Amino acid sequence: MKILVVEDDDPLREAIISLLTEENYITNEAATGDEGLYLAQQGIYDLLILDIMLPEVSGLEIVKKVRAVDKEVPILLLTARDSVEDKVNGLEIGADDYLVKPFAIQELLARIKALIRRYGSLANDGKISYGGVTVDSRLHDGFVENQALGLTTKEYEVLEFLILNKEQILTREQIFDRVWGFESETTISVVDLYIHYLRKKMAQSGHDSLLRTVRGAGFMFKEK
């Protein structure tokens, strides 16, 4: 699970990142609104945590721009403003929840887990299915009609990412960033290699057609 944290209070941002890292979330962070907006528009995240009062671009403005292209990603606002008007404004433009500062770390963690679960990135039983293919986060494998695909760790992560973003085009850069990370010493061509591995394993059941190449753009997991 990947979370973007945009907060200009350095100690608070560092505390949130530390908490999320301990909980095994992948994180990106930004201290300004323009950097946060850039990251939100470039990456695919399972949750955005945005401070409202940010330098350059406000958290509310980020919400508006993100919602113009992505209706589903959960957004949690952090605010020092404890007024009904500010809370309603944030929710009306597309935020899903808010947390008033100061807050308990455990409350933040509970809100994060609730939002991710509510919006389907985490199924209650750890399984996500599409087109007859299921990924099981507990077993870390994929299945077709209860038959295990026998996926390696990276194969599983690529397939899970594709199914989580079914019917959406994912660029090689997005897949590489999510599964390997841009700090990896391997090259982006590894994405094509693992797409080939997945197709080969799904071909045994005739489900390889789900994994489509979109010429000049990337890949998409989609039924006909």
Side-chain angles (χ1 to χ4, degrees), residues 1-4 24-28 39-48 66-75 96 113 115-184 186-224:
M1 311 302 296
K2 191 171 184 179
I3 298 175
L4 173 64
N24 296 316
Y25 291 107
I26 300 169
T27 61
N28 283 152
L39 290 173
Q41 293 176 327
Q42 295 299 312
I44 292 182
Y45 296 94
D46 298 292
L47 176 68
L48 306 182
V66 168
R67 281 291 177 252
V69 296
D70 188 338
K71 306 296 184 184
E72 296 185 359
V73 60
I75 299 176
D96 299 287
K113 291 181 177 179
L115 281 172
I116 292 176
R117 187 174 297 110
R118 184 192 310 170
Y119 284 84
S121 292
L122 283 176
N124 290 333
D125 60 358
K127 297 178 181 179
I128 305 168
S129 300
Y130 179 80
V133 179
T134 298
V135 289
D136 190 323
S137 63
R138 297 171 304 174
L139 299 177
H140 226 61
D141 203 352
F143 297 82
V144 176
E145 298 177 357
N146 297 321
Q147 294 296 313
L149 293 173
L151 302 178
T152 65
T153 297
K154 293 302 183 187
E155 288 171 352
Y156 171 82
E157 291 175 0
V158 172
L159 181 59
E160 180 188 57
F161 190 39
L162 287 163
I163 293 180
L164 282 171
N165 296 280
K166 59 186 180 297
E167 301 180 5
Q168 297 183 51
I169 297 174
L170 297 177
T171 66
R172 287 173 175 80
E173 289 78 10
Q174 287 173 326
I175 297 172
F176 185 78
D177 182 33
R178 177 59 175 257
V179 177
W180 286 271
F182 280 116
E183 296 180 358
S184 172
T186 189
T187 64
I188 200 167
S189 61
V190 73
V191 173
D192 294 82
L193 181 62
Y194 274 79
I195 291 292
H196 169 72
Y197 291 158
L198 284 173
R199 282 196 176 120
K200 187 174 181 180
K201 290 187 175 181
M202 291 193 295
Q204 299 175 20
S205 60
H207 286 71
D208 54 308
S209 61
L210 289 166
L211 216 175
R212 303 184 183 187
T213 298
V214 182
R215 191 174 299 278
F219 304 97
M220 179 167 53
F221 208 77
K222 188 178 187 301
E223 293 181 292
K224 294 182 178 179

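Not measured: the values here are computed from a predicted model.
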Query raised in the report: Which residues pass the side-chain contact (heavy atoms from CB on, under 4.5 Å) test with Ile26, sequence neighbours left out?
Result: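 Only Lys2 meet the side-chain contact (heavy atoms from CB on, under 4.5 Å) criterion with Ile26.
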Query raised in the report: With respect to Leu48, which candidate in Leu115, Leu4, Ile3 satisfies the side chain to side chain contact (heavy atoms under 4.5 Å, CB included) definition?
Result: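 So the option named by the test is Leu4.
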Query - Candidate list Ile195, Val158, Asn165, Leu170, test side chain to side chain contact (heavy atoms under 4.5 Å, CB included), partner Phe219, passing option - result: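 That would be Ile195.
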Which heavy atom in [X] sits nearest to a heavy atom in [Y], and how many Å separate them?
{"X": "Asp96", "Y": "Pro74", "value": "OD2-CA, 3.2 Å"}
{"X": "Val73", "Y": "Asp70", "value": "N-OD1, 3.1 Å"}
{"X": "Phe176", "Y": "Thr187", "value": "CE1-O, 3.5 Å"}

**Report entry** Atom pair CZ (Phe143) and OG1 (Thr134), whose distance is rounded to the nearest 0.5 Å
**Finding:**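 Those atoms lie 8.5 Å apart.
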Query raised in the report: Roughly how far, to the nearest 0.5 Å, is the CD1 atom of Ile188 from the CG atom of Leu193?
Result: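 That separation rounds to 13.5 Å.
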Taking only distance into account, with no hydrogens and no angle test, what donor-acceptor pairs under 3.5 Å do side-chain atoms of residues 207-214 form with protein atoms, sequence neighbours excluded?
residue : atom : partner : partner atom : Å
His207  : ND1  : Ser205  : O            : 3.1
His207  : ND1  : Ser205  : OG           : 3.0
Arg212  : NE   : Lys222  : O            : 3.3
Arg212  : NH2  : Glu223  : O            : 2.9
Thr213  : OG1  : Arg199  : NH2          : 2.7

Counterpart residues, side chain to side chain donor-acceptor pair (under 3.5 Å), relative to [X] (two or more places apart):
{"X": "Glu167", "answer": "Tyr130"}
{"X": "Asp192", "answer": "Arg172"}
{"X": "Asn28", "answer": "Tyr45"}

Query - Glu155 vs Leu149, side chain to side chain contact (heavy atoms under 4.5 Å, CB included): CA-CA, chis, key distance, verdict - result: CA-CA 10 Å; Glu155 288 171 352; Leu149 293 173; over 6 Å; no
**Report entry** Close side-chain approach of Leu164 to Glu160, heavy-atom, < 4.5 Å
**Finding:**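 In contact.
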Query raised in the report: Hey, are the side chains of Val133 and Leu159 touching, using non-hydrogen atoms and a 4.5 Å cut-off?
Result: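 Answer yes - side chains close enough.
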**Report entry** Verdict with supporting geometry, Leu151 and Tyr197, side chain to side chain contact (heavy atoms under 4.5 Å, CB included)
**Finding:** CA-CA 9 Å; Leu151 302 178; Tyr197 291 158; over 6 Å; no
Query - Stepwise side chain to side chain contact (heavy atoms under 4.5 Å, CB included) test for Trp180 and Lys154 - result: CA-CA 8 Å; Trp180 286 271; Lys154 293 302 183 187; 4.0 Å; yes
Query raised in the report: Hey, is the main chain of Lys127 close enough, under 3.5 Å, to the side chain of Asp136 for a donor-acceptor pair?
Result: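 No, because the side chain of Asp136 does not come within donor-acceptor range (under 3.5 Å) of the backbone of Lys127.
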**Report entry** ring pair (Phe, Tyr, Trp, His ring centres under 6.0 Å) partners for Tyr156, two or more places apart
**Finding:**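 By the ring pair (Phe, Tyr, Trp, His ring centres under 6.0 Å) rule, Tyr156 matches His140.
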**Report entry** side chain to side chain contact (heavy atoms under 4.5 Å, CB included) between Ile116 and Tyr25, intermediate numbers included
**Finding:** CA-CA 12 Å; Ile116 292 176; Tyr25 291 107; 3.9 Å; yes
